[in-house]
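All ligand and atom numbering here is 1-based and tracks the order in the structure.
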Amino acid sequence: MKTIITFITLAALILGGAVWANESADLSSSPEVNAGHRGAIFQPKQQGRMPLNYVNQPPVIPHSVEGYQVTKNVNRCLQCHGTQSYLTTGAPRVSPTHFTDRDGSVSSSVSPRRYFCLQCHVPQTDAKPIVENSFRPAAGFGR
Ligand code: HEC
Ligand code: HEC
């Protein structure tokens, strides 16, 4: 009985993996995805990096963040963007401002006020604005 259960579990895992691998296959055939830097972990490039619209804008995220966990114990974003990993993942490194706490002290890890990345950085989307917006990028920005 035990062997049968083990077998079924294994089969489900292998099949599930195959379906998952198949779904991500179309992505890698797109030229945009192939244009990305290939490191130990590879984040498919779904869209290009977006221009900033004003000084000190938190850049919008050019990739999907679906399923990425940012909790007390784990920060998926820092696993690629952190100082220890950005060289191998090809992700832009979090900037020095992210290490300064509210009292102005700089530490070697990301400050608590910059820990929850999605508070400020949002994924790119072509969703229509909910309310009308007359915002124009600052001179020289937005392109
Ligand atoms: C698997 C690695 C990986 C993970 C995980 C990841 N990123 Fe990225 N991120 C990248 C790469 C690679 C780029 C650069 C893409 C490019 O150059 O087009 C990028 C680009 C960005 C940028 C654009 C920076 C700029 O200057 O334009 C932001 C912002 C960003 N990511 C935020 C996040 C946030 C927030 C999370 C967590 C929710 C996250 N990333 C998780 C790899 C990752
Ligand atoms: C309180 C808002 C805020 C939070 C939270 C935040 N950021 Fe940022 N981020 C910014 C702003 C503003 C900028 C642009 C100015 C700067 O570099 O400080 C930026 C810039 C960046 C850049 C571009 C750096 C560069 O040199 O071009 C990356 C990458 C980035 N953040 C990743 C992250 C990640 C990963 C997290 C979570 C660990 C995070 N940020 C949390 C506001 C935030």
Side-chain angles (χ1 to χ4, degrees), residues 3 5-143:
T3 16
I5 293 174
T6 315
F7 178 77
I8 292 173
T9 314
L10 270 178
L13 279 175
I14 292 168
L15 277 177
V19 169
W20 179 83
N22 192 30
E23 264 176 15
S24 49
D26 331 309
L27 254 189
S28 63
S29 58
S30 123
E32 269 175 286
V33 169
N34 288 326
H37 175 96
R38 215 167 263 273
I41 309 173
F42 182 63
Q43 171 69 45
K45 196 168 159 184
Q46 281 116 348
Q47 301 166 79
R49 280 162 83 174
M50 296 275 281
L52 298 176
N53 292 308
Y54 54 91
V55 182
N56 270 343
Q57 176 199 326
V60 279
I61 309 170
H63 52 73
S64 161
V65 293
E66 213 183 312
Y68 285 2
Q69 278 195 36
V70 179
T71 66
K72 186 166 69 70
N73 302 320
V74 64
N75 188 320
R76 185 71 183 104
C77 312
L78 287 177
Q79 285 173 6
C80 284
H81 289 274
T83 42
Q84 272 119 47
S85 43
Y86 78 98
L87 280 176
T88 46
T89 60
R93 190 187 57 177
V94 285
S95 66
T97 57
H98 291 41
F99 296 85
T100 309
D101 71 12
R102 61 181 179 187
D103 302 318
S105 341
V106 180
S107 85
S108 56
S109 52
V110 164
S111 156
R113 62 176 188 165
R114 292 281 170 115
Y115 184 82
F116 294 101
C117 319
L118 294 170
Q119 251 179 283
C120 303
H121 297 280
V122 290
Q124 295 177 27
T125 164
D126 56 3
K128 286 209 179 70
I130 300 169
V131 290
E132 211 180 304
N133 188 343
S134 58
F135 176 86
R136 295 275 165 274
F141 283 79
R143 42 199 160 117

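Ranking the protein heavy atoms by distance from atom 29 (C) of ligand 2 puts P92 O, 3.4 Å first. Here the protein heavy atom with the shortest distance to atom 27 (O) of ligand 2 is R49 NH2, 4.5 Å. Protein heavy atom at the shortest distance from atom 35 (C) of ligand 2 is V94 CG1, 3.4 Å. Among protein heavy atoms, atom 14 (C) of ligand 2 sits closest to Q57 O, 3.5 Å. The nearest protein atom to atom 24 (C) of ligand 2, hydrogens excluded, is given as R93 O, 3.6 Å; this is a heavy-atom distance. Scanning all protein heavy atoms for the shortest distance to atom 36 (C) of ligand 2 gives C117 SG, 2.8 Å. Nearest protein heavy-atom contact of atom 42 (C) of ligand 2 is R114 NH1, 3.6 Å.
Taking only nitrogen or oxygen atoms, main chain and side chain alike, T89 does not reach within less than 3.5 Å of ligand 1. No N or O atom of Y115 sits closer than 3.5 Å to an N or O atom of ligand 2. Of the polar atoms of Y68, none of the N or O atoms is found under 3.5 Å from an N or O of ligand 1, judged by distance alone. Considering both main-chain and side-chain atoms, R76 never comes within under 3.5 Å of ligand 1 through any nitrogen or oxygen pair. Note: no N/O pair closer than 3.5 Å links N56 and ligand 2 by distance alone.
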Check residues 113-122 and write down every donor-acceptor pair under 3.5 Å in which the side-chain atom is one partner and the other belongs to a residue at least two apart or another chain.
{"from": "R113", "atom 1": "NE", "to": "T100", "atom 2": "O", "distance (Å)": "3.1"}
{"from": "R113", "atom 1": "NH2", "to": "T100", "atom 2": "O", "distance (Å)": "3.0"}
{"from": "R114", "atom 1": "NH1", "to": "T97", "atom 2": "OG1", "distance (Å)": "3.3"}
{"from": "R114", "atom 1": "NH1", "to": "H98", "atom 2": "ND1", "distance (Å)": "2.9"}
{"from": "Y115", "atom 1": "OH", "to": "T71", "atom 2": "O", "distance (Å)": "2.7"}
{"from": "H121", "atom 1": "ND1", "to": "P59", "atom 2": "O", "distance (Å)": "2.8"}

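Of all the heavy atoms of V70, none lies under 4.0 Å from any atom of ligand 1, so neither backbone nor side chain is involved. Contacts between H121 and ligand 1, counted as non-hydrogen atom pairs separated by less than 4.0 Å, involve the side chain only. Both the backbone and the side chain of A91 come within 4.0 Å of ligand 1, judged by heavy-atom distances. Residue Q79 does not touch ligand 1, judged by heavy-atom distances below 4.0 Å. Contacts with ligand 2 closer than 4.0 Å are made by side-chain heavy atoms of H98 only, the backbone lying farther away.
Classification of the Y54-F135 ring pair by plane angle, with boundaries at 30° and 60°, yields perpendicular.
Considering CZ of F141 and CG of L52, their distance stands at 6.5 Å, rounded to 0.5 Å. Between the CZ atom in F99 and the OG atom in S107 there is a gap of 7.5 Å [rounded to 0.5 Å]. N75 contributes atom CG, which lies 11.0 Å from atom OG of S109 (distance to the nearest 0.5 angstrom). With rounding to the nearest 0.5 Å, the separation of OH in Y68 from SG in C80 is 6.5 Å.
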**OP:** Could you check V94 against Y86 for side chain to side chain contact (heavy atoms under 4.5 Å, CB included), going step by step and ending with a plain yes or no?
**Re:** CA-CA 9 Å; V94 285; Y86 78 98; over 6 Å; no

Original post:
Can you list the steps and then say if L78 with Q84 is a side chain to side chain contact (heavy atoms under 4.5 Å, CB included)?
Top reply: CA-CA 9 Å; L78 287 177; Q84 272 119 47; over 6 Å; no

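In summary, C120 places no N/O/S atom under 2.8 Å from atom 8 (Fe) of ligand 2, failing the contact criterion. Atom 8 (Fe) of ligand 1 has no N, O or S atom of C77 under 2.8 Å away, backbone or side chain. The nearest N, O or S atom of H81 is closer to atom 8 (Fe) of ligand 1 than 2.8 Å.
The contact set between ligand 1 and G90, taken as ligand atoms under 4.0 Å from a residue heavy atom, comprises 12 (C). In the vicinity of T97, heavy-atom distances shorter than 4.0 Å reach the ligand 2 atoms 16 (C), 17 (O), 18 (O). Ligand 2 places these atoms under 4.0 Å from at least one heavy atom of L78: 38 (C). Every atom of ligand 2 with a heavy atom of F116 under 4.0 Å away is listed here by number and element: 5 (C). Interface of R113 with ligand 2, defined as ligand atoms under 4.0 Å from a residue heavy atom, comprises 1 (C), 5 (C).
The residue among P62, P123, P58, G82 with a heavy atom at the shortest distance from atom 22 (C) of ligand 1 is P62. The option from P112, P59, S95 that lies nearest to atom 16 (C) of ligand 2, judged by heavy atoms, is S95.
Between the side chain of S85 and the backbone N or O of Q79 there is at least one donor-acceptor pair closer than 3.5 Å. Proximity of a side-chain donor or acceptor of H81 to a complementary backbone N or O of P92 within less than 3.5 Å is detected.
Of the protein's heavy atoms, at least one falls inside 4.0 Å of atom 18 (O) of ligand 2.
At least one side-chain heavy atom of C77 sits less than 4.5 Å from a side-chain heavy atom of V70.
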